[in-house]
Asks: 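Below is one structure. I have some questions about it.
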Number of protein chains: 2
Amino acid sequence: MMKAVTISDVAKQAGVSKSTVSQFLNQRYDYMAEKTKKRIEQAIDELGYSPNIVARSLKQKSTMTIGVIVANILHVFSTQVIRAIEDYCNESNFHVIVCNADDEPAKEKRYIDMLRAKQVDGIIVFPTGGNVDLYKDLVKQNYPIVFMDRMVPGISVSSVLLDNEKASDLAVRTFVKKGYTRIGMISPPIVKNITPRTERVDGFKKALKKQQMTFYPEYLASGEIADIQVMMEQLFKQANPPTALLALNDRVLVEILQFVKAQQFNIPHDLALIGIDDVSFAGIYNPELTTIAQPAFEMGKKAAELLLYLIRNKNVQEEARVYRFEPKLIERTSV
Amino acid sequence: MMKAVTISDVAKQAGVSKSTVSQFLNQRYDYMAEKTKKRIEQAIDELGYSPNIVARSLKQKSTMTIGVIVANILHVFSTQVIRAIEDYCNESNFHVIVCNADDEPAKEKRYIDMLRAKQVDGIIVFPTGGNVDLYKDLVKQNYPIVFMDRMVPGISVSSVLLDNEKASDLAVRTFVKKGYTRIGMISPPIVKNITPRTERVDGFKKALKKQQMTFYPEYLASGEIADIQVMMEQLFKQANPPTALLALNDRVLVEILQFVKAQQFNIPHDLALIGIDDVSFAGIYNPELTTIAQPAFEMGKKAAELLLYLIRNKNVQEEARVYRFEPKLIERTSV
DNA sequence: CTGAAAGCGCTTACAG
DNA sequence: CTGAAAGCGCTTACAG
């Protein structure tokens, strides 16, 4: 590494003081003589100087960096959210550090601690829900934080979520409209902290009721992704198996399709299907898959907006809010 | 925000000097009295102290952070690479800042400059190829950098790449083995800087030759993703259209499948298909898609390993190398 | 075994 | 219109 050139070198070269160079860098040339500017500009050019942001951050107590802790960057939804956050931050000259908590509270805690030690200006997190005390602490300290995809009961942090009940409602209506009556749903483990799961399942039940349909508990199967094949077998061993199935998310959908393939079911004749999450192959699958899309980009952008607002307005005590986004039904031919 | 507690506060509370607290923090308690340790430990606990890493970074000239500049985080390959890098860095207590260059040299330059100003310890980049002078500068300054997925001719930076020619070879062999003779390939624009494209196309030609097959230029179509439908139409308007097609990547594959669907082609009867990139739906598509997988995780891990090695051994002048990774044929039923 | 002092590279009142 | 000085929160020789 070459020895770095500092503000002192520039000052010396330009024949002015460090203060003046600093003023120049921060565009505070209210009363700066034109020739001083020129000299500094030239010195910077000649030396190839670029300010050390770490030093600036130390002084200014702002790193222009935020942290994003996702459950897993491999999920398409997370990827889209990150992309949107990155785009938004980029416009505002913020950088983003990405972390994977893998739904493990211990990892999440470690990342939050590290990010704070690194003095990031704020954090967007898909909360595991397993660090309630930590969240409370952050709130008490008025630390800028936004929750994404999930809420944590009792924690007053603004949260960006899909209108999950609406998503299920959209699906159920679609099935009912086409005359299906034996409607089931497949879900990963319904864990209390994981808002999308609880809300989508609740929404599913409510929607059936609203449509005056009976909810058959035996048509609602939930369990680890790895166990879904077995769960499906059992589901279809029943006397009257469901004729329509809602997949809680993209990963569940893939499992269902696996099963459908093995059983050589004909969609939608033997089984109608709707998946929440507009998977990349929905339009090219045979038959095309009816899905419910999440506006992931808008959601990511909203979270970034909220966070930067909190960062810039630390003094104002904002009321935490839940921001709901509209799911969108994309009708294709699997129903 | 609460006022942050600093090392001075801890020192005061524990009744020792800042130096001693610092020693403690850095586990340099070679000769530290047991009771001093205890006192410091307790003070830290009581105050809820956590060191300010920005201040440490300024002094130590190391931020324990690296930058990753991808072409687009929305590509599955990039996502997997990032995940692998993140995992590896995490073990070594490094953080990663993710940036999207969108294949725009201007954006790439801006990010590289910003990351350096932020004093990141090194950068992994999917190079656009459009900033040759900048790359040269970095090399000259012995700045830790690793290229991913692409090489830049004339720039001596270690690069992690798929064995692209092998990937095409695998595909061609598979087609030939099954008796196909009219083999084509669809590619995005063949731009010189984008190594995977040039190498896969070259590999395709070479492989045909090696199998003593003729290469029909009219069976090689390349162009923007948005234009592929039209390209395909023209391709199949020919008197003797290809009977087997290699998709250069996942995005091309999706376009081909779109066309296949519109034309109601029967795969593999009317058209055999192989795609480079093992898409998520390969196993559930009808028919199942034969693909060639990239070991994205291994590649990401390797890049991280290389970069951290460079960071830790800045003094040793390492020879830049190209690391090739083996593509893997996953035979399913689309051939 | 522990502390005083200098310094990392900036910014920011304040003085002139 | 510009500069000297203090300070951000650490670390690190060095002295004792």
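First the proteins, then the strands, lettered A, B, ... as listed; each starts at 1.
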Asks: Just how far, in rounded Å, is C1' of C/dG9 from NZ of A/Lys12?
Replies: 14 Å
Asks: Quick one: label A/Val54 by what it contacts on the DNA or RNA (base, sugar-phosphate, nothing), any heavy atom closer than 4.0 Å.
Replies: nothing
Asks: Specify the residue among A/Lys61 and A/Ser17 whose closest nucleotide of DNA chain D lies further upstream toward the 5′ end.
Replies: A/Ser17
Asks: NZ of A/Lys107: more than 12 outside heavy atoms within 6.0 angstrom?
Replies: yes
Asks: Give the rounded distance in Å between these two atoms: CG of B/Asp9 and P of D/dG9.
Replies: 9 Å
Asks: Return the nucleotide paired to C/dA13: Watson-Crick means purine N1 to pyrimidine N3 with N6-O4 or O6-N4, wobble means G-U with N1-O2 and O6-N3, both under 3.5 Å.
Replies: none
Asks: Can you tell me if A/Lys301 has over 12 outside heavy atoms packed within less than 6.0 Å of its NZ?
Replies: no
Asks: What residues, two or more places apart in sequence or in another chain, satisfy side-chain hydrogen bond (donor to acceptor under 3.5 Å, both in side chains) together with B/Arg39?
Replies: none
Asks: Determine whether a donor-acceptor pair (N or O, by modelled atom type, separation under 3.5 Å) exists between the side chain of B/Asn52 and the backbone of B/Ala55.
Replies: yes
Asks: Where along nucleotides 11-16 of chain D does protein come under 4.0 Å, by heavy atom, of base (B) or sugar-phosphate alone (S), with - for untouched nucleotides?
Replies: BB----
Asks: Rounded to the Å, how far apart are B/Gln119 CD and C/dC10 P?
Replies: 8 Å
Asks: Which is true for B/Thr36 with a 4.0 Å heavy-atom rule: it touches a base, it touches only sugar-phosphate, or it touches nothing?
Replies: sugar-phosphate
Asks: Please determine, for C/dA4, whether a Watson-Crick or G-U wobble partner exists with both distances under 3.5 Å, and give it or none.
Replies: none
Asks: Could you check how far CZ of B/Arg39 sits from P of C/dC1, rounded to whole Å?
Replies: 14 Å
Asks: I want to confirm an ordering. Mapping A/Leu58 and B/Val16 to their closest nucleotides on DNA chain C, which one lands closer to the 5' end?
Replies: B/Val16
Asks: Take the protein atom CG of A/Asn52 and the nucleotide atom P of C/dG7, then report the distance between them rounded to whole Å.
Replies: 18 Å
Asks: Just to verify, which of B/Ile311, B/Leu306, B/Leu310 counts as forming a side chain to side chain contact (heavy atoms under 4.5 Å, CB included) with B/Leu308?
Replies: B/Ile311
Asks: Assess B/Arg150 against B/Phe147: is NZ or CZ under 6.0 Å from the centre of the six-membered ring, and within 45 degrees of the ring's axis?
Replies: no
Asks: For A/Phe24, answer base if it contacts any base atom (sugar-phosphate contacts may also be present), sugar-phosphate if it contacts only those atoms, and nothing otherwise; contact means non-hydrogen atoms under 4.0 Å.
Replies: nothing
Asks: Report, as yes or no, whether the 6.0 Å neighbourhood of atom NZ on B/Lys12 holds more than 12 heavy atoms from other residues, nucleotides or ligands.
Replies: no
Asks: Using atom NZ of A/Lys37 as one end and atom C1' of D/dC1 as the other, report the distance to the nearest whole Å.
Replies: 12 Å
